[in-house]
Amino acid sequence: MSPSPEVKNPPELEFGNAWEYAAAPESVKVDIADKYGMFINGAFVAPMSRKYMDTINPGNEEVLSKIAVANEDDVERAVAAAKAAFPKWKRLKASERAKYLFRIARRLQERAREFSVLETLDGGKPIKESRDVDIPEAVKHFFYHAGWADKLDYAFPGRKGRPLGVCAQIIPWNFPLLMAAWKIAPALACGNTVVLKPAETTSLTALRLAEIFVEVGLPPGVVNIITGAGDTGAALVAHKDVQKVAFTGSTAVGKAIAQECAGSGKRLTLELGGKSPNIIFEDASLDQAVDGIVQGIFFNQGHVCCAGSRLFVQEGVMQEVLAKLEVRMQSLRVGDPMDKNTDLGAINSLGQLATIKRYLEVGEAEGAQRHQPSVKLPKRGYYLPPTWFTGVQPSHTIAREEIFGPVLSVMSFRTPEEAIARANNTPYGLAAGIWTDKGSKIFDIASRLKAGVVWCNTYNRFDAASPFGGYKQSGFGREGGRQGLLSYLELV
Ligand code: NAP
Ligand code: MG
């Protein structure tokens, strides 16, 4: 039966934002200012340093805008604003704090298309990922933590949670808005105030989030956003009025921050790098597993801390998996991040492109075989074909170090014991994947892998209710879920 021609759109679809929301993201026009100040005490202000730096579109190398470079005086202003706002924010009725977080979530949802476009322009990730993952997940984090704000008394039975104070939050460039949401939402729900520093190549969506803070009337000083490079982050971490440091980024910078905080009494959580194993057993559904391999390492050009960058395939199915992988790789579309059919967009920066290329050379020099599909890359912009290496030994550099790009190291194993030993043979412990038909094997192997997250017959799935974090050099502390609240509360 064909639908009746009288059927009309529900009324809410006929007005305002609902239409905007329904538009394809690549057709949404996003206004980008020539330059951006910082967001301090509820207003956008010029940097005391008077310095600005370019932020570019890695998809075509064009300058998108200029962003402020905060110096120590700017850090001082931002921390002072957060400190002044803390007593009132902490005393605000928890249900009122929740209302602000709900409003932020709603407004972000309404403006999702615009944020998706801006995220892709500034960072190079495919628009379908910004649209389907980054922005919706950021929205969910605000909704999820809005729900916690007035239930904290029940979160840890027998204990009361007290906010910590001013939280310095430093985030990387791979999931710019999502990492901002992971940090800001729980901090505010727990009654803390924030100074956030986004990564220097991808500050634009965090600054636009500040527009939403103004729109929803968030009290001045509750969240402050300062932009700049590594020195800005270091000055923020070192500030005496900061009570808590939450850092997501590389293991090297994480170690330096841990040293800086040692003995200061500051609370610290670190979300650092990874070199996660993705293990394919011969009883797995291989077509599904090959999709999981691709999703595990090529999602967001491999700029993913939990990327399944070490692939372990059981010997009996190695040839079949490699053959299927090769076919699948030919179908991946690399290029313009704004094209909704693109699977791999641009590498985030020229520096990161150079780092990845160095690893490709080292891989070959140490004896592994490089494979890449034949793809035509755009003339301008930072692009790299997806790459996989065979003939990799566990001792090879490309099997040990985090490359943070679209590069997969393929290795084999014979028995489950060998798979576990090889998977755990790393200084990192962020994530792992298991592909098998046997439920008992999943539970057994998952419990013996030293990894913060273990995915079974899937990879790179996230949920605000599920805690995320690492072991060993992947850091400590958890983000998301009930456990994530502990990073922003003192239990008394
Ligand atoms: P990064 O170089 O460590 O930078 C992270 C942030 O720290 C940036 O905002 C950076 O500013 C700032 N920073 C640099 N030096 C600093 C210092 N001395 N003191 C304080 N802050 C400083 O890392 P990245 O290259 O941006 O990000 C990639 C890394 O993040 C990878 O290792 C990845 O695995 C990790 N990561 C981990 C998780 C997780 O949840 N475990 C999630 C995402 C990413 P600039 O932008 O100016 O350098
Ligand atoms: Mg940029």
Side-chain angles (χ1 to χ4, degrees), residues 32 53-67 69-70 75 118-125 168-176 178-180 182-183 196-206 225-239 242 245-261 269-276 300 302-307 309 337 346-352 355 381-382 401-405 428-431 451-453 462 467-480 484:
I32 301 176
M53 62 189 174
D54 290 342
T55 190
I56 66 157
N57 175 349
N60 60 15
E61 299 174 50
E62 281 170 17
V63 175
L64 282 174
S65 184
K66 287 185 182 307
I67 57 169
V69 181
V75 170
L118 190 61
E119 196 73 306
T120 283
L121 291 175
D122 200 18
K125 66 175 63 202
Q169 306 186 317
I170 299 177
I171 54 173
W173 43 260
N174 56 341
F175 295 96
L178 184 55
M179 290 296 111
W182 276 32
K183 297 268 181 287
L196 177 95
K197 192 202 87 73
E200 60 187 288
T201 57
T202 54
S203 296
L204 292 183
T205 46
I225 298 176
I226 56 172
T227 49
D231 291 348
T232 308
L236 177 59
V237 168
H239 198 289
V242 162
V245 176
F247 173 79
T248 298
S250 62
T251 297
V253 174
K255 283 182 182 175
I257 289 179
Q259 273 170 2
E260 172 65 40
C261 292
T269 42
L270 296 175
E271 298 274 8
L272 309 177
K275 190 77 184 175
S276 298
N300 197 21
H303 302 327
V304 181
C305 51
C306 48
S309 51
I347 301 299
N348 181 264
S349 66
L350 192 56
Q352 187 60 21
T355 302
Y382 311 137
E401 296 184 10
E402 183 185 49
I403 300 173
F404 221 57
Y428 295 111
L430 197 52
V453 177
F462 306 96
F468 186 90
Y471 286 102
K472 301 191 271 185
Q473 291 193 25
S474 292
F476 49 79
R478 293 290 178 267
E479 291 188 303

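In this chain, numbering begins with 1 at the start of the sequence shown. Numbering of ligands and ligand atoms starts at 1, following listing order.
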Undergrad: For ligand 1, which atoms have a heavy atom of G233 less than 4.0 angstrom away?
TA: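 Atoms satisfying the 4.0 Å criterion: 19 (N), 20 (C), 21 (N).
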
Undergrad: For atom 2 (O) of ligand 1, what's the nearest protein heavy atom and its distance?
TA: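 Result for atom 2 (O) of ligand 1: S250 OG, 3.9 Å.
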
Undergrad: With ring-ring contact (aromatic ring centres under 6.0 Å, His included) as the test, would you mind laying out the steps for W182 and F175 before giving the verdict?
TA: CA-CA 10 Å; W182 276 32; F175 295 96; 8.2 Å; no

Undergrad: Which option, I171, N174, T227, owns the non-hydrogen atom nearest atom 8 (C) of ligand 1?
TA: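 Minimum heavy-atom distance to atom 8 (C) of ligand 1 goes to I171.
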
Undergrad: Pull out every atom of ligand 1 sitting under 4.0 Å from any heavy atom of I257, numbered as shown with elements.
TA: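 Counting from 1, the qualifying ligand atoms are 20 (C).
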
Undergrad: The Mg ion (ligand 2) to S203: any N/O/S contact under 2.8 Å?
TA: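 No, S203 does not qualify, because none of its backbone or side-chain N, O or S atoms lies under 2.8 Å.
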
Undergrad: Which residue and non-hydrogen atom of the protein lie closest to atom 34 (O) of ligand 1, and at what distance in Å?
TA: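 Result: E402 OE2, 2.6 Å.
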
Undergrad: For a quick test of reading the model, state the closest non-hydrogen atom pair linking A346 to P337 and the distance between them.
TA: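 Smallest interatomic distance, heavy atoms only, reads N-CG, 3.8 Å.
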
Undergrad: Are any non-hydrogen protein atoms located under 4.0 Å from atom 4 (O) of ligand 1?
TA: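 It does not; no protein heavy atom is within 4.0 Å.
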
Undergrad: When you measure from atom 16 (C) of ligand 1 to every protein heavy atom, which one gives the shortest distance, and what is it?
TA: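 Scanning the protein heavy atoms, the shortest distance from atom 16 (C) of ligand 1 goes to V253 CG1, 3.4 Å.
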
Undergrad: Against heavy atoms of F247, which atoms of ligand 1 measure under 4.0 Å?
TA: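 Listed by number with element, the hits are 3 (O), 5 (C), 6 (C), 7 (O).
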
Undergrad: Among all the protein's non-hydrogen atoms, which is closest to atom 28 (C) of ligand 1, and how far away is it?
TA: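 The closest heavy atom on the protein side is F404 CE2, 3.4 Å.
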
Undergrad: Return the residue, atom name and 0.1 Å-rounded distance of the protein heavy atom closest to atom 25 (O) of ligand 1.
TA: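 Of every protein heavy atom, W173 NE1, 3.1 Å lies nearest to atom 25 (O) of ligand 1.
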
Undergrad: Of the protein's non-hydrogen atoms, which lies at the shortest distance from atom 48 (O) of ligand 1, and what is that distance?
TA: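 The closest one turns out to be E200 OE2, 3.3 Å.
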
Undergrad: Output the list of atoms in ligand 1 that are nearer than 4.0 Å to some heavy atom of I170, sorted by atom number.
TA: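 In order of number, 6 (C), 7 (O), 9 (O), 12 (C), 20 (C), 21 (N).
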
Undergrad: Determine whether Y428 and L272 satisfy the following criterion, side-chain contact (heavy atoms from CB on, under 4.5 Å), listing intermediate values before the conclusion.
TA: CA-CA 9 Å; Y428 295 111; L272 309 177; 5.9 Å; no

Undergrad: Can you name the closest pair of heavy atoms from E200 and I67 and give their distance?
TA: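 Where E200 meets I67 most closely, the heavy atoms are O-CD1, 3.7 Å.
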
Undergrad: I'd like to check V237 versus V242 (side-chain heavy atoms, cut-off strictly below 4.5 Å). Are they in contact?
TA: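 SC-SC contact between V237 and V242 ruled out.
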
Undergrad: So is W182 in contact with ligand 1, going by heavy-atom distances below 4.0 Å?
TA: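 Heavy atoms of W182 never come under 4.0 Å of ligand 1.
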
Undergrad: Is there a side-chain contact between V253 and F247 in this structure, where contact means two heavy atoms from C-beta onward sitting under 4.5 Å apart?
TA: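 In short, these two side chains touch, coming nearer than 4.5 Å.
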
Undergrad: T248 heavy atoms, cut-off 4.0 Å: which ligand 1 atoms fall inside?
TA: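 Per the distance check, 5 (C), 36 (N), 37 (C), 38 (C), 39 (C), 40 (O), 42 (C), 43 (C), 44 (C).
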
Undergrad: Does atom CG of D231 have more than 12 heavy-atom neighbours from other groups under 6.0 Å away?
TA: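 12 or below, so no.
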
Undergrad: Taking all non-hydrogen atoms of both residues, which atom of K255 and which atom of Q473 are closest, and how far apart?
TA: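 Heavy-atom minimum between the residues: NZ-OE1, 3.5 Å.
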
Undergrad: Closest approach of I347 and P58, non-hydrogen atoms and distance?
TA: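 Heavy atoms of I347 and P58 come nearest at O-CB, 3.4 Å.
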
Undergrad: Tell me the closest heavy-atom pair linking V245 and C261, and the distance in Å.
TA: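 Nearest heavy atoms, V245 then C261: CG2-SG, 3.9 Å.
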
Undergrad: What angle, to the nearest 10°, do the atoms OD1 (D122) and O (I56) form about the Mg ion (ligand 2)?
TA: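 Computed angle, vertex at the Mg ion (ligand 2), rounded to 10 degrees: 100°.
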
Undergrad: Looking only at protein heavy atoms, identify the closest one to atom 27 (O) of ligand 1 and say how far it is in Å.
TA: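 Looking only at protein heavy atoms, the one closest to atom 27 (O) of ligand 1 is P172 CB, 3.2 Å.
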
Undergrad: Just let me know how P198 lines up against ligand 1, side chain, backbone, both or neither, with a heavy-atom cut-off below 4.0 Å.
TA: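 P198 to ligand 1: backbone contact only, side chain stays beyond 4.0 Å.
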
Undergrad: I want to know if ligand 1 touches E479 in the polar sense, i.e. an N/O pair below 3.5 angstrom.
TA: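 Checking ligand 1 against E479, no N or O pair falls under 3.5 Å apart.
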
Undergrad: Taking the side chain as every heavy atom from C-beta outward, state whether Q352 and Y382 have any atom pair closer than 4.5 Å.
TA: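 The answer is no; the side chains never approach within 4.5 Å.
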
Undergrad: Looking only at non-hydrogen atoms, which of S349, A235, G230 approaches atom 17 (C) of ligand 1 most closely?
TA: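 It is G230 whose heavy atom sits nearest to atom 17 (C) of ligand 1.
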
Undergrad: Indicate yes or no for a side-chain donor-acceptor contact from N174 to the backbone of N300 under 3.5 Å, with no hydrogens or angles considered.
TA: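 Side chain of N174 to backbone of N300: no pair is present.
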
Undergrad: If you measure from each non-hydrogen atom of Q352 to ligand 1, which part falls under 4.0 Å: side chain, backbone, both or neither?
TA: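 Near ligand 1, Q352 shows nothing, with every heavy atom at 4.0 Å or more.
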
Undergrad: What protein heavy atom sits nearest atom 35 (C) of ligand 1, and how far off is it?
TA: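 It is G249 O, 3.1 Å.
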
Undergrad: Using a strict 4.0 Å cut-off to heavy atoms of L430, name the atoms of ligand 1 that fall inside it.
TA: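 Those qualifying, in numeric order: 41 (N).
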
Undergrad: Considering non-hydrogen atoms only, spot the tightest contact between L196 and A206 and give its length.
TA: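 Closest pair (atom of L196, atom of A206, distance): CD2-CB, 4.1 Å.
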
Undergrad: Taking atom types as modelled, find out whether D122 and T55 have a side-chain donor-acceptor pair closer than 3.5 angstrom.
TA: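 Side-chain D/A pair, D122 to T55: present.
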
